[in-house]
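To start, the structure itself, in structure tokens.
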Amino acid sequence: MDFRSRDHGGSQEFSDYQLFTPGENIRHLDWNRYQRDGSLFVRQYERLERPEVTLVADLSRSIVVGKKVDDVKHFSAAFGFCLLNRGLTVRLYANGRFQRYMGWAGFQQMNLDIERLESGQQPILSLQKVAAKFSSHVIVVSDLIFSEGYEQFKQNLNLGNRSAFLFQLSSPSDRQPPQRGDYRLQDAQNNADLPCCIDEAMIERYRQCRQAYYHQIEAECLKKNWQYREIDTADNLKNQFLSVAPSGILFL
Amino acid sequence: MIFNGFPIGFAMLLTTIGGGVIIASHFLKIRQKNLEVPTVLFWRQAIKSSRRNILFGKLSAMKTLLFLLGITLLMIACMLSPITKPLKKTIVVLDTSNVTDLPQAQKHARTLLQQSDRGVLMTVGDEIRVLGSLTRHSHAALAAVDTVEVCRSPYSGLSQAVKEAKAADPEAQIVVLTGQQMTPQKDIRVITCASGQSVLPVVLKIYFLPEYAEPARAYCHADNRFDYCSDREQADVVLETLPEDLMKNWRTPRFVEQMSQAVEAAAGLRNRPVALAAQITDNIDNQPGYALRWNLTTGLMAVLVCFLLLEIRLVTQGKLI
């Protein structure tokens with residue numbers, strides 16, 4: 001992951017030459033080159049800055065109903081720790097609000113804030129209106145469930161050309177619901193209800209539909225050059241982190 | 001246990017109550033419970049993809065109900081209507097006197113009882129014994145065949161045994177195993193197993209009081225089944241009194257007949273207080289096929305109760321079939 005700023009400015013490390021135009025600071029003129037070939041060039045330097053990563057913790061109703069609130073918090077805190085440990089700035093976005101954290105003190109504060117986060121306040125994860133405020137690198141910890149399906153995913157997670165890492169949490173009960181019999185299913189996100197007779201055949205079809213949905217999301221991520229990873233909440237945290245380490249996001 | 005079948009009104013009431021309980025428990029079982037899920041998106045798609053199988057899907061949800069109702073109806077039908085195929089019932093009348101070749105007769109008896117569903121063995125010797133019953137399986141009668149022994153009494157009540165067997169169950173097949181010559185009778189099969197002995201060698205010693213000595217000697221001379229015995233201790237039968245009129249008329253032709261009755265009564269060969277027909281049928285309703293019907297009904301009832309208990313257990317545990 002490259003955290004070099006795309007802006008050129010107050011620098012410490014030489015970056016490139018640029019033709020001198022009137023009005024530019026003459027202190028950056030390369031006099032040696034002028035002496036060699038008589039052309040006026042300005043030296044440019046990379047501006048070293050403390051890079052920032054936006055960490056999105058999805059605590060919408062689907063996460064609450066799926067009993068994955070603790071998993072989202074644990075993963076967000078763990079990612080936050082890794083980023084802060086590398087000297088990066090973390091901008092946490094949860095429940096429609098931003099919080100910025102830096103350094104060791106920031107890590108402690110972030111842990112406290114994450115612990116206090118209330119869940120289920122937002123019906124669905126939507127980054128449409130706030131995406132403009134996101135930094136160039138975004139980590140999303142979510143179940144990536146959108147009641148309207150794939151189109152709503154594309155609409156709500158419109159992150160432009162930012163580099164993104166999507167971590168999709170899935171629990172065993174998501175993959176294989178344990179209920180059997182006649183149920184009136186209620187959607188946590190839009191309160192729609194659906195009568196359904198759950199039996200083994202229905203579960204099998206449910207699994208196929210669910211798999212097809214996440215395959216679509218994975219394909220979309222591939223197209224946008226985003227990283228996508230499914231996280232099994234039944235597995236332990238350490239194993240999950242080791243599994244995502246090769247992606248480079250953890251800087252291990 | 002006595003079972004005479006239910007009256008139709010009671011059966012209808014039982015069907016209504018039983019069927020009602022089963023249907024009510026089914027609807028209780030399949031009542032829709034609310035379940036909040038992260039999204040109904042996948043479920044909606046799954047239902048849409050299974051539309052073509054909806055009829056079979058519905059039927060599969062009702063399979064337990066249909067099964068229970070089927071068992072109930074079958075049970076009621078069993079209780080109401082008789083089984084069309086009657087049981088094969090055999091009454092084997094075995095003459096155990098020494099004119100019969102007993103091993104051969106026993107062999108025949110075994111074969112006959114093994115081939116029948118319900119079998120009774122009647123042994124006719126010094127008395128008539130009933131072994132087994134028409135309301136139970138032939139095993140008891142079959143086991144009793146080996147215990148039969150040759151009797152030492154000269155008495156043979158074969159005709160009386162056949163008469164009792166006919167009275168007990170007119171539908172049962174009666175087979176007589178004997179060494180004697182029997183007059184052919186309708187619905188009775190006679191298998192002759194002759195031992196080769198033409199006379200009954202056993203003679204009972206009978207003691208009379210001294211005042212009856214003269215007529216007693218005359219009688220024993222006429223009836224070769226009995227021998228006059230003057231020693232009371234050595235006698236098989238003791239006869240202390242004789243009717244007064246018999247003593248007066250002992251020289252008349254009817255004397256032997258009357259004396260025979262008196263002696264046979266004293267020897268215990270006549271007027272036995274037995275209810276053979278009742279022993280054969282065991283005092284239970286002998287409607288054809290009733291035992292099988294009862295067994296089937298109790299079996300179905302047991303299956304029904306087991307399934308209902310299982311249903312209740314699953315419903316209380318929150319699991320469903």
Side-chain angles (χ1 to χ4, degrees), chain A residues 58 60-68 120 123-125 142-153 169-171 173-175 177-214, chain B residues 19-71 304 306-321:
Chain A
D58 177 11
S60 63
R61 282 187 206 152
S62 64
I63 293 285
V64 178
V65 172
K67 294 173 185 167
K68 294 188 287 273
I124 194 164
L125 177 68
S142 168
D143 56 2
L144 299 179
I145 285 178
F146 297 91
S147 282
E148 304 301 323
Y150 171 66
E151 291 303 321
Q152 197 178 16
F153 159 77
L169 300 187
S170 80
S171 63
S173 64
D174 285 344
R175 293 188 294 269
Q179 292 84 6
R180 299 290 181 280
D182 279 356
Y183 285 93
R184 182 165 286 278
L185 304 175
Q186 289 176 327
D187 195 312
Q189 294 181 345
N190 59 10
N191 295 325
D193 65 348
L194 179 76
C196 181
C197 175
I198 304 176
D199 56 9
E200 291 305 325
M202 184 60 76
I203 293 285
E204 185 52 39
R205 282 192 287 270
Y206 162 89
R207 288 177 59 194
Q208 287 168 2
C209 295
R210 182 178 177 277
Q211 216 169 352
Y213 171 78
Y214 285 118
Chain B
V21 167
I22 289 168
I23 291 168
S25 67
H26 172 75
F27 281 109
L28 273 175
K29 188 188 81 175
I30 64 158
R31 73 189 188 282
Q32 284 183 344
K33 294 175 285 273
N34 288 334
L35 177 69
E36 199 175 18
V37 290
T39 180
V40 295
L41 174 71
F42 310 135
W43 294 108
R44 191 176 286 130
Q45 289 171 351
I47 290 170
K48 208 179 282 179
S49 71
S50 69
R51 281 271 185 243
R52 60 182 182 274
N53 294 326
I54 199 151
L55 178 65
F56 294 105
K58 290 271 179 201
L59 279 179
S60 81
M62 290 173 73
K63 62 181 182 291
T64 316
L65 172 72
L66 296 174
F67 179 70
L68 288 176
L69 284 178
I71 285 185
L304 188 68
C306 288
F307 262 85
L308 278 176
L309 287 175
L310 183 69
E311 284 272 291
I312 290 164
R313 191 167 163 231
L314 288 170
V315 169
T316 50
Q317 285 180 352
K319 297 173 192 169
L320 298 170
I321 290 175

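Just so it is clear: chains get the letters A, B, ... in the order the sequence lines come, proteins before strands, and each one is counted from 1.
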Exercise. After noting the C-alpha distance and the side-chain angles of A:C196 and B:I47, does the key distance pass the side-chain contact (heavy atoms from CB on, under 4.5 Å) rule?
Worked result: CA-CA 8 Å; A:C196 181; B:I47 290 170; 3.9 Å; yes
Problem set entry | Derivation of the side-chain contact (heavy atoms from CB on, under 4.5 Å) call for A:Y213 and B:Q45 | CA-CA 10 Å; A:Y213 171 78; B:Q45 289 171 351; 5.5 Å; no
For this session: Please report the closest heavy-atom contact between A:R205 and B:A46, naming both atoms and the distance.
Result: NE-O, 3.4 Å
Exercise. Once the angle between the rings of B:F42 and A:Y206 is folded into 0 to 90°, is it parallel (under 30°), tilted (30 to 60°) or perpendicular (over 60°)?
Worked result: perpendicular
Exercise. How far does NZ of B:K33 sit from CG of A:L185, to the nearest 0.5 angstrom?
Worked result: 11.5 Å
For this session: First locate atom CD1 of A:I145, then atom OG1 of B:T39, and finally report the distance between them rounded to the nearest 0.5 Å.
Result: 6.5 Å
For this session: Check step by step if side-chain contact (heavy atoms from CB on, under 4.5 Å) holds for B:N34 and A:Q186.
Result: CA-CA 7 Å; B:N34 288 334; A:Q186 289 176 327; 4.2 Å; yes
Exercise. A:E148, A:Q179, A:R61: which one forms the most heavy-atom pairs within less than 4.5 Å of chain B?
Worked result: A:Q179
Seminar exercise, completed: Rounding to 0.5 Å, atoms SG (A:C209) and CZ (B:R44) come to a distance of 12.0 Å
For this session: Measure across B:P38 and A:V65 and return the closest heavy-atom pair with its distance rounded to 0.1 Å.
Result: N-CG1, 3.7 Å
For this session: Please look at A:N190 and chain B and tell me whether the side chain, the backbone, both or neither of the residue comes under 4.5 angstrom of a heavy atom of that chain.
Result: neither
Seminar exercise, completed: For B:L41 and A:G149 the tightest heavy-atom approach is CD2-CA, 3.7 Å
Exercise. Is there side-chain contact between A:I198 and B:W43, with at least one heavy-atom pair below 4.5 Å?
Worked result: yes
